[in-house]
Amino acid sequence: MHIFREPRITVLARQTFTGAPHIQWQSDSDVPGEAVAEFAGRLCYLSFGADAGFEGGHRLIAGRTTNREYLLNILRTRHGSVLEHAVWTLLLEGVSRALTHELVRHRHFSYSQLSQRYVDESEVGFVLPPEIAEGTAAFEIWKESCERANDEYRALLAEIEEQVKDEPSKTLRRKRARQTARSLLPNAAETKIVVTGNARAWRHFIELRGSPHADTEIRRLAMKTLACLQEEAPNLFGDYRVVGEPGHEYVETEFAGV
Ligand SMILES: Cc1cc2nc3c(=O)[nH]c(=O)nc-3n(C[C@H](O)[C@H](O)[C@H](O)COP(=O)(O)OP(=O)(O)OC[C@H]3O[C@@H](n4cnc5c(N)ncnc54)[C@H](O)[C@@H]3O)c2cc1C
């Protein structure tokens, strides 16, 4: 039985910032998501500088000339819609169906998830809940239960395959068997999901699921997501601090709810 001990996050896609050739302005950030958010914010006030080519364009405001300063002011003034122009697509693996059931409640993300109707889950792995330490009695209970579920999945799959063998469509035959057998898989069954979201939606996810009240597995994912996005775009996610004891970390920011 394959046990997943940590989620894996891969950045699948990020943006390109092409700028507007007729507007004489450049961000000092080479992160496209940061540059496009700054551009969108500056457009609201035509604050690209006096030489940008706009009639009535505003001068740059001292203290808000760099991308870092500009986005910090966006967070401070809660001008959150500007953050929606920065987008990342992440591949999440090694997460449980319990976790993704909570994840998909976030309505501003787009999702594509491994289908348990299409894919044969006979060799499915299981995500070890972070509260369970290996070598303990709790671990033995959990492992035996997953193994049993796996065996029962295979047995039921074989039974239903036999039952629907006259179904002419091979695809439908498989789906009918797999969609029935999957009812025996536990919440710990591993899954994979592609998630696309803008910086505002990612921030909301990190705040809600990086809170001490969140489930430990999704909180661990929120922490890893934060680390990933802080590396991608420090000016959009750098305000978060990770606090708390090792293994019980959570996030804090003075700009929550932007
Ligand atoms: C610790 C914790 C415990 C939870 N326990 C439960 C539980 O026991 N049962 C349960 O069912 N769920 C539970 N949830 C899920 C929770 O209720 C939310 O569904 C989930 O966190 C998604 O966040 P969100 O509602 O802020 O929405 P998102 O979809 O992430 O949307 C972000 C924001 O957009 C706005 N928004 C989005 N859609 C609408 C809308 N239709 N109308 C108005 N505003 C909207 C809101 O301001 C919202 O905060 C829990 C969540 C947490 C973090």
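All values below were derived from every heavy atom in this structure, side-chain atoms included, with hydrogens, water molecules and symmetry-related copies excluded. What you see is a predicted model; the values in this text were computed from it and never measured. Every number for a ligand or one of its atoms is a count from 1 in the order of the listing.
- Within a 4.0 Å radius of atom 44 (N) of ligand 1, the protein has no heavy atom.
- For atom 26 (O) of ligand 1, the closest non-hydrogen atom on the protein side is His204 NE2, 2.7 Å.
- Note on Val127 and Leu221: separate hydrophobic clusters, where clusters join Ile, Leu, Val, Met, Phe, Trp and Tyr whose side-chain heavy atoms are under 4.5 Å apart, directly or indirectly.
- Relative to atom 35 (C) of ligand 1, the option among His106, Arg105, His108 with the closest non-hydrogen atom is His108.
- Between Trp202 and Phe109, the ring center distance clears the sub-6.0 Å criterion.
- For atom 9 (N) of ligand 1, no protein heavy-atom neighbour is found at a distance under 4.0 Å.
- If you check which protein heavy atom lies closest to atom 1 (C) of ligand 1, you get His213 O, 3.4 Å.
- Both Tyr250 and Phe255 are members of a single hydrophobic cluster when ILVMFWY side chains are connected at heavy-atom separations under 4.5 Å.
- Shown here, atom 16 (C) of ligand 1 is out of close reach of the protein: none of its heavy atoms lies under 4.0 Å off.
- Close to ligand 1: Arg209, with a non-hydrogen atom less than 4.0 angstrom away.
- Linking ILVMFWY side-chain heavy atoms closer than 4.5 Å, directly or via other members, places Val251 and Leu103 in a single hydrophobic cluster.
- Closer than 4.0 Å to atom 47 (O) of ligand 1 lies none of the heavy atoms of the protein.
- No path of Ile, Leu, Val, Met, Phe, Trp and Tyr side chains, each step under 4.5 Å between heavy atoms, connects Val11 with Val87, placing them in separate hydrophobic clusters.
- Around the CD atom of Gln26, the shell of radius 6.0 Å holds no more than 12 heavy atoms that belong to other residues, nucleotides or ligands.
- Protein heavy atoms come within 4.0 Å of atom 39 (C) of ligand 1.
- Annotation: Phe48 is in aromatic contact with Phe39 [ring centroid separation under 6.0 Å].
- The nearest protein heavy atom to atom 4 (C) of ligand 1 is not closer than 4.0 Å.
- Closest to atom 23 (O) of ligand 1, if we only count protein heavy atoms, is Leu208 CD2, 3.5 Å.
- Here the heavy atom of the protein found nearest to atom 28 (P) of ligand 1 is Arg107 N, 3.7 Å.
- In this structure, atom 52 (C) of ligand 1 is in close contact with the protein, since a protein heavy atom lies within 4.0 Å of it.
- Hydrophobic clustering (side-chain heavy atoms under 4.5 Å, transitive across Ile, Leu, Val, Met, Phe, Trp, Tyr) groups Phe237 together with Leu72.
- Residues Leu236 and Ala199 approach most closely at CD1-CB, 4.2 Å, considering heavy atoms.
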